[in-house]
Amino acid sequence: MSHRAGPRAMLAMGFFGFATGPGLQMRVLTHATGSPTLASSANIAAFNVGNFLGVRVSGLAISAGLGWTSPLWVGAAFATPGLVVLLAASGPLGQSAAATDRPAVRPLKRQPPRKVPSREL
């Protein structure tokens, strides 16, 4: 890889890697009917654990003498089970099998504004 293409590829990898976060977060919040805040926290914690494990195992692979490209294979090994889970959880046309017809958060009932009696002095 050339000296110019390397930084560009790394920038693109970071962009596409972080671009998946908001979509996944919305998916978690959509399906978290009972406690969306707890589900959101668990989702972010899972991202942090994944970041730690990816760096740790990639460092071990380099230290074991597998070469500087070994983190690519580590990343592929970590992504494959995620792809399997995604395909297993998706129904026809990519819709989740766990999706229901009811929304995750009940909409608030709008009440007409109350008339406050005016006090004349």
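We number each residue from 1, following the sequence as shown.
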Using the side-chain contact (heavy atoms from CB on, under 4.5 Å) rule, take W73 and L66 through it: C-alpha gap first, then chi angles, then the decisive distance, then the call. CA-CA 10 Å; W73 296 107; L66 298 176; over 6 Å; no
Where [X] and [Y] come nearest, the two heavy atoms and their spacing:
{"X": "P22", "Y": "A19", "result": "CD-O, 3.5 Å"}
{"X": "P71", "Y": "G67", "result": "CD-O, 4.1 Å"}
{"X": "G54", "Y": "V74", "result": "O-CG1, 4.4 Å"}

When you group the ILVMFWY residues by side-chain heavy-atom contacts below 4.5 Å and let the links chain together, are V57 and V49 in the same group? yes
To the closest 0.5 Å, what do you measure between [atom1] ([X]) and [atom2] ([Y])?
{"X": "L38", "Y": "N43", "atom1": "CG", "atom2": "CG", "answer": "11.0 Å"}
{"X": "L72", "Y": "S70", "atom1": "CG", "atom2": "OG", "answer": "8.0 Å"}
{"X": "L83", "Y": "F78", "atom1": "CG", "atom2": "CZ", "answer": "15.5 Å"}

Can you list the steps and then say if L29 with S40 is a side-chain contact (heavy atoms from CB on, under 4.5 Å)? CA-CA 7 Å; L29 290 174; S40 174; 4.0 Å; yes
